[in-house]
Amino acid sequence: MFAYKDGVLLVSPEQAEAADGDGAAAARPVLEGLGVVVALDGEAEVRLALCSCVQSAVPGAGGMGDGEEYKLEFREGTEDAGVSVELKLRCVGDMVFGFVDGRIHGGSPFTGRKSFAAKRSISITVDRMGNVSGLMANYQHNDWWTRPHFDPDPARLPPRTVSLLWRDGDACLRLLPVCGPVFRTDLEGGGGRDGQGFSIRLSSCRGGLKRNEGLAFVLGCGAEPYGLADKTADAALRVLDYPVLPRDKKTYPEVLDYLGWCSWDAFYQQVSEENLLAKAEELRRLELPVRWVMIDDGWSSEREGKLMSFAADSGKFPHGLAHTVQALKDRFGMRWVGVWHTIAGYWEGIHPESPLAASLRRYLYSTPDGSLIPYPDAAAGFGFWNAWHGLLRRQGIDFVKTDSQAAIGNFLQYERSVGEAASAAHQALEASVALHFSKTVINCMGMATENIWHRPQSAVSRNSDDFMPKKPGGFREHALQNAYNSYFHGSFYWGDWDMFWSVNHDDLQNAVLRAVSGGPVYISDALDRTDPAKLLPLVYSDGRLLRCDRPAVPAMDCLTADPLNGQVPLKLWNYAGGAGILAAFHLGEGGGEIKGSVSSADIPGFADGEAVIYEHFSGEGRLMEPEERWSFILKPGQCLLFVLVKIREGITPVGLADKYVSPHAIAGQWSSGGTERVRLREGGKFIFHSRRQPVFARVNGEAYEALPSANGIYQVDCSGLREEAIIEIGLDLPPPSAKNRKIR
């Protein structure tokens, strides 16, 4: 499907033949004018000359499969004194693996030894791309977070682009830069011979290297973009042979399957035992089933931004952390309590004059600027985290949130290669988290690729910049980042779409956004600022979330279109209980209405056959044909929430109308003797579709009424049941006997 010829990488989505002979007519350019530029310490960039190109058949290795390999040799100078870069393009079916081997030849400490620059040491340049009919890139816009970019001109790709998706006719192509054990790869606009195109840039972030070698990128082609994201990420991890798992092989933490509350936006750094217990009392009074508490930044003993002790701040927690934790659990029914810390202990590391610095010196590393951090070695760093996490566990702590993770590169730049530093830090941390907290950690401020590619087993990672509760219009950027970051980030993690306020100018939109996210749901309401009505549709009575099956991603018609420009709504899709979930948001600026539509084709797997569609807020439902579209208009601040269920014989259950992710409540369905039975995880306003009017309805053996609305939609209201419910709907049998005529 892929082939290289005369400086051009070609693709033939319609056939698997190589791009020569009879296959040449069908093939079309994808990347044109490949070249290589190198940067040495203290010298200007140099474009190398292409010296040779050798094609060979390569048997499957490293999980890649059989394919064709094109070995391109670029050089400046001689074999004894110069620079060479070997670019290997291994084409395997619908994917290309790009390997780089850069070497500096000759030189010695006595004659002026040369080395690669720490940043942008090798750049693979692309003069032009093929036909780009739509583009979405994710780029690291600061040290901590990524956001989307939609301009189809590759020359305008932002620096530190970490994922690139584009359309070429009917095909989708995805270029995924890799962060390996030595260097990280990024994309950036420009670099082609005419100043156009883009560059694939490799950086070790370490000086003195005479050789840079490893997998630089994976390029994939497919008919649809969603499986392509997972496929390219999984293939890269297999080739790297990392102890890092893709998301679908990780275990989602039990704690985060329940509603939580975090202290950050409620109290910021003034968190204390007093205000934590006051908030817990309020939640109990409201009968809101919050089941975990995160004690965020502000609880630690610190001085000058550096950690002084493993103990809690004695002024804020006069009886110690264990006393607070026990009160939250015993008095207020919290099942789990977590605490916050950074990847360096505290924002600036460990204080050199602290008792910790003296007692744990063998586990700490002093950087050139004098910062003291956990040692950047998996074994030695584990010693620090094991000591702290062991103490926290004995105090009743159940999990941790680890912040400021992208600071690893800042603390250790030029000291360690970027991949080596991140790998050591994350392995040390996660080994301790696995030992003490059953692998439960919320990774945060870590969307740099060195973080994303080097966490071995942790399952949850923050997916966007912070929720900004006091920022007018802040929902637009927050929703934008979470929606589009999820496209590449969701292949590695369930995204944490951050805490939110249930009383806020964007409270309903924030609640629906979290409902479809597939990740944790937790609030950070201050005292006397919680609205249960916004939160109860998210949870069962025991606090368990009605959580979607996977990370939500934008629908096809907005995946490569910027929803901030007011031309298209943001539509996010997910699955729950075999049904499709789709939420629509108005992110456009300017205050006008926006038009949109939804169809079965918006959710993969629903394009064929009839489906029942139901909109949560209007309560409207109907049958939808495969080609039919439901048009809608969104006002600023408005959102819609749709459920799609494939039509079934008998009745088609939709779920609980009083919950956002309504089909999650359906635990099973079966039929016998003209009676349809549905098991619900909990009672509520059960809705279903039927082509025939039901003859009777029963809930746990008692007669209820099946109330019709329009278009074959019916409701059985068993809201009073906070337990499993068996719904029986009779379509053929006569009404039940008199003893069962207790109608509700």
Side-chain angles (χ1 to χ4, degrees), residues 132-139 141 145-153 156-158 163 165-167 225 463-489 495 497-498 500-501 504-517 534 551-574 581-599 601-603 613 615-618 620 629-642 660:
V132 179
S133 56
L135 180 148
M136 193 276 287
N138 301 93
Y139 71 101
H141 67 101
W145 312 114
T146 62
R147 71 184 303 279
H149 166 87
F150 300 97
D151 192 320
D153 183 354
R156 291 196 280 268
L157 279 177
S163 172
L165 169 73
W166 74 97
R167 289 195 176 105
N463 192 56
S464 76
D465 202 343
D466 290 6
F467 161 69
M468 302 290 185
K470 300 176 183 178
K471 183 178 180 180
F475 178 79
R476 289 197 296 269
E477 177 67 20
H478 190 68
L480 180 87
Q481 287 188 25
N482 273 304
Y484 291 91
N485 286 344
S486 187
Y487 175 75
F488 84 95
H489 195 230
W497 293 27
D498 204 16
F500 69 103
W501 281 0
N504 180 257
H505 48 272
D506 291 319
D507 46 24
L508 180 60
Q509 292 185 96
N510 274 305
V512 173
L513 188 72
R514 272 61 176 195
V516 301
S517 73
K534 298 294 193 312
V553 287
M556 188 77 80
D557 60 358
C558 62
L559 183 57
T560 58
D562 185 356
L564 295 185
N565 65 19
Q567 302 301 309
V568 295
L570 170 64
K571 297 191 308 187
L572 292 170
W573 69 267
N574 212 324
I581 306 291
L582 191 141
F585 302 90
H586 185 324
L587 301 191
E589 300 179 4
E593 294 180 341
I594 188 170
K595 296 180 180 179
S597 65
V598 60
S599 78
D602 285 330
I603 302 178
I613 184 168
E615 201 282 311
H616 174 88
F617 295 104
S618 66
E620 182 182 353
R629 302 199 71 85
W630 179 329
S631 297
F632 58 80
I633 296 176
L634 283 174
K635 297 178 181 179
Q638 185 185 8
C639 60
L640 297 175
L641 182 59
F642 298 91
Y660 293 138

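FYI, the numbering just counts along the sequence from 1.
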Chemist: NE2/His505 to NZ/Lys470 distance, rounded to the nearest 0.5 angstrom?
Modeler: 11.5 Å

Chemist: Do the side chains of Asp602 and Arg629 get close enough for a salt bridge, i.e. N-O under 4.0 angstrom?
Modeler: yes

Chemist: Would you call Pro563 and Tyr484 a side-chain contact if the rule is heavy atoms closer than 4.5 Å?
Modeler: yes

Chemist: Should the ring pair Phe475 and Phe585 be called parallel, tilted or perpendicular, given that the plane angle runs from 0 to 90° and is split at 30 and 60?
Modeler: tilted

Chemist: Can you tell me how far the CH2 atom of Trp145 sits from the CG atom of Asn485, to the nearest 0.5 Å?
Modeler: 9.5 Å

Chemist: Report the C-alpha separation of Leu641 and Phe617 in whole Å, then their side-chain angles, then the decisive distance to 0.1 Å, and conclude whether the side chain to side chain contact (heavy atoms under 4.5 Å, CB included) test is met.
Modeler: CA-CA 7 Å; Leu641 182 59; Phe617 295 104; 4.0 Å; yes

Chemist: Below 4.5 Å, heavy atoms only, C-beta onward: do His478 and Gln509 meet side chain to side chain?
Modeler: no

Chemist: Which heavy atom of Leu587 sits nearest to which heavy atom of Arg476, and what is that distance?
Modeler: O-CD, 2.6 Å

Chemist: Please examine the side chains of Leu634 and Leu640, heavy atoms only from C-beta on, and report whether any two atoms are closer than 4.5 Å.
Modeler: yes

Chemist: For Asn463 and Ser486, does a side-chain donor sit closer than 3.5 Å to a side-chain acceptor?
Modeler: no

Chemist: Measuring only between side-chain heavy atoms, which start at C-beta, is Ile603 closer than 4.5 Å to Leu582?
Modeler: yes

Chemist: If the plane angle is over 60° it's perpendicular, under 30° parallel, otherwise tilted; pick one for His149 and Tyr139.
Modeler: perpendicular

Chemist: Roughly how far apart are Leu135 CG and Asp153 CG, rounded to 0.5 Å?
Modeler: 9.5 Å

